[in-house]
2 protein chains.
Amino acid sequence: MRHFINHTEENYLKAIYSLSQKPNQGVSTNAIAKSLDTKASSVTDMMQKLAEKGLVSYKKYYGVQLTSSGQLIALNTIRKHRLWEVFLVDKLSFNWDEVHEIAEQLEHIQSSELTNRLDIFLGNPKFDPHGDPIPNSQGEIENYHDTLLLSELEIGAFCTLVGVADSSSVFLKHLEKSQLKLGSEIRLINVFEYDRSLSIEVANIQRSISNRVADNLIVKPL
Amino acid sequence: MRHFINHTEENYLKAIYSLSQKPNQGVSTNAIAKSLDTKASSVTDMMQKLAEKGLVSYKKYYGVQLTSSGQLIALNTIRKHRLWEVFLVDKLSFNWDEVHEIAEQLEHIQSSELTNRLDIFLGNPKFDPHGDPIPNSQGEIENYHDTLLLSELEIGAFCTLVGVADSSSVFLKHLEKSQLKLGSEIRLINVFEYDRSLSIEVANIQRSISNRVADNLIVKPL
DNA sequence: ATATAATTTTAGGCTAATCTAAAAAATATA
DNA sequence: TATATTTTTTAGATTAGCCTAAAATTATAT
């Protein structure tokens, strides 16, 4: 008996999924509230509802974890979001910093037939415009392997920019100003003690970036 | 001061627009309720709300009419709906009878940039897969001219099928069984007194269709 | 270990969109 | 024209999702 999942519930499940990527502990009420820009009390209400539907396991005061069916829905929502982002960039010529908000709406369209045909139409892309992997229709998602944050790279090493950990428009526009885009080859020249800022070389030009920026750049060492 | 319009309001405005196409009178509460499969009391509530927002003019017990801003929103929603239908059929290879429900969801995505880019991507189509005209971004819509219902055609005349007045899946599937699609050339052979059924010729084959079907076929005489 | 701080839950309200049932108004009919 | 019927509105509830404020629980720090 398939429960009907709405807009709001999908957003909660997606948020829980993202938050549970970092530690493998239960996700805290406050963390969810912050991530969704809502109040802890609202989160508690929703957790009880999702628990009743069997989408999360919830123990009072100890946060929640997605059940397998909850995770499947979260991954399907992420799949839709990322496919639509590819559509917007590849087919409608949007810039990569303009697609997030629109995809936030499109990800809630309910039709697996639509999602699967869109996937085919786009040529079964494996990554979205920000380098994030796209789950398949079974909710299987490719793990980043051999990737790390630019801030973790060793000095002198070469790497390729394969993803961003922040898809906000401000951040992406900022990257463009530094000539950084997916696929860019980067060499880490130096890291300064004082403010942890980095000196890098991109396209034969030396640039300086903050550690805040470097923390949001996912790279693959060469 | 731009009011924010939601999902539900868009649906009401669209329903009022459709209903006001036939007579040029105010649209009745009951008609709206029937069209949206809701109760008259709910409609009354919403009419008061839309009137406060300046989207309809409403006089108690005498139905409503769209204001110009209400009409603009209705037409924009219809524009989105029809563009998405073109996308689904032309790009994702959906059949014309499968697209309505999905387009009902997609029509509520809020982004004029998206709508306009989609329009361009699709090659600025003028009609949707059911032959319905697509309003432009100013809310201007082409009127059917020189069209009538097949049931109104005179016996012996030739015509082209340019639209359907019913986009339901059952109806469209039924048409396909009779080899009828947009662009089909039809000759009206006869109309039978008894049940008003019609004898027509399509692709050199003679067929019989009910008057119910003929009432839903929009044709252009040749 | 106990007090203090932080987090989480509960209790009680609010709003939007819906409903049912009753009242009011308009329309149709005898 | 008076009465019956239909339509519409109003009154009062309900539900989902959110809120604030208070209470309960857990975590932290002396």
Side-chain angles (χ1 to χ4, degrees), chain A residues 2-16 19-20 22-23 25-66 70 73-74 77 104-105 107-108 110, chain B residues 2-16 19-20 22-23 25-66 70 73-74 77 104-105 107-108 110:
Chain A
R2 207 82 192 62
H3 267 292
F4 182 70
I5 305 300
N6 69 19
H7 204 108
T8 313
E9 292 166 348
E10 280 188 344
N11 282 336
Y12 272 94
L13 294 172
K14 203 168 53 124
I16 298 167
L19 291 167
S20 55
K22 290 142 199 180
Q25 286 299 332
V27 175
S28 81
T29 302
N30 260 357
I32 298 167
K34 195 170 293 177
S35 147
L36 292 174
D37 194 27
T38 184
K39 302 292 164 176
S41 53
S42 308
V43 174
T44 301
D45 284 351
M46 184 58 82
M47 290 313 102
Q48 291 168 345
K49 184 181 168 192
L50 293 177
E52 269 171 31
K53 287 192 171 192
L55 301 172
V56 299
S57 61
Y58 170 59
K59 191 168 163 241
K60 266 193 194 180
Y61 293 104
Y62 291 92
V64 289
Q65 271 188 295
L66 292 178
I73 293 169
T77 308
E104 286 284 306
Q105 297 180 61
E107 73 188 7
H108 300 297
Q110 306 269 6
Chain B
R2 206 83 191 60
H3 266 292
F4 181 70
I5 304 301
N6 70 18
H7 204 109
T8 314
E9 292 166 349
E10 280 188 344
N11 282 336
Y12 272 94
L13 293 172
K14 203 169 53 123
I16 298 167
L19 291 168
S20 55
K22 290 143 197 177
Q25 286 298 331
V27 174
S28 80
T29 301
N30 259 357
I32 298 168
K34 195 170 294 177
S35 148
L36 292 175
D37 194 26
T38 183
K39 300 292 164 176
S41 53
S42 308
V43 174
T44 300
D45 285 350
M46 184 57 82
M47 290 312 102
Q48 291 167 346
K49 184 181 169 192
L50 293 177
E52 269 171 31
K53 287 193 170 191
L55 301 172
V56 299
S57 61
Y58 170 58
K59 193 169 161 238
K60 265 192 193 178
Y61 293 103
Y62 290 93
V64 288
Q65 271 188 295
L66 292 178
I73 293 169
T77 307
E104 286 285 306
Q105 298 179 61
E107 73 188 5
H108 300 296
Q110 306 270 6

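Because the structure is predicted, anything quoted here is derived from the model rather than measured. Below, each value reflects all heavy atoms present in this structure, side chains not excepted, and no hydrogens, waters or symmetry copies. Throughout, a chain's letter reflects where its sequence line sits, starting with A, and its residues are numbered from 1.
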To the nearest angstrom, how far is [X] atom [atom1] from [N] atom [atom2]?
{"X": "K59(A)", "N": "dT7(C)", "atom1": "NZ", "atom2": "C1'", "result": "15 Å"}
{"X": "E52(A)", "N": "dA16(D)", "atom1": "CD", "atom2": "P", "result": "10 Å"}
{"X": "K60(A)", "N": "dA23(D)", "atom1": "NZ", "atom2": "P", "result": "16 Å"}
{"X": "L50(A)", "N": "dC18(D)", "atom1": "CG", "atom2": "C1'", "result": "15 Å"}
{"X": "H7(B)", "N": "dA16(D)", "atom1": "NE2", "atom2": "P", "result": "17 Å"}
{"X": "I32(A)", "N": "dG17(D)", "atom1": "CD1", "atom2": "C1'", "result": "16 Å"}
{"X": "Y62(B)", "N": "dA25(C)", "atom1": "OH", "atom2": "C1'", "result": "8 Å"}
{"X": "M47(A)", "N": "dA16(D)", "atom1": "CE", "atom2": "P", "result": "15 Å"}

Measuring only between side-chain heavy atoms, which start at C-beta, is [X] closer than 4.5 Å to [Y]?
{"X": "Y12(A)", "Y": "L36(A)", "value": "yes"}
{"X": "L13(B)", "Y": "T77(B)", "value": "no"}
{"X": "Q110(A)", "Y": "E10(A)", "value": "yes"}
{"X": "V64(B)", "Y": "L50(B)", "value": "no"}
{"X": "Q48(A)", "Y": "T44(A)", "value": "yes"}

Given [N], is OP1 or OP2 found less than 4.0 Å from the side-chain N or O atoms of [X]?
{"X": "Y58(A)", "N": "dT8(C)", "result": "no"}
{"X": "Q48(B)", "N": "dT10(D)", "result": "yes"}
{"X": "Y61(A)", "N": "dA6(C)", "result": "no"}
{"X": "N30(B)", "N": "dT8(D)", "result": "yes"}

| Counting only N and O atoms by type, is there a donor-acceptor contact under 3.5 Å from the side chain of K53(B) to the main-chain atoms of G70(B)? | no

| request: Determine the contact category for T44(B): base if any of its heavy atoms lies under 4.0 Å from a base atom, sugar-phosphate if only primed atoms, P, OP1 or OP2 are that close, otherwise nothing. | output: base

Interface polar pairs with nucleotides 16-20 of chain C, N/O, under 3.5 angstrom:
residue	atom	partner	partner atom	Å
dA17(C)	OP1	N6(B)	ND2	2.7
dA17(C)	OP1	K49(B)	NZ	3.3
dA17(C)	OP2	K49(B)	NZ	2.1
dT18(C)	OP2	Y12(B)	OH	3.2
dC19(C)	OP2	T38(B)	OG1	2.7
dC19(C)	OP2	K39(B)	N	3.1
dC19(C)	OP2	S42(B)	OG	2.6
dT20(C)	O4	S41(B)	OG	2.9

| Sole candidate of I32(B), T29(B), T8(B) that passes side-chain contact (heavy atoms from CB on, under 4.5 Å) when paired with M46(B) | T8(B)

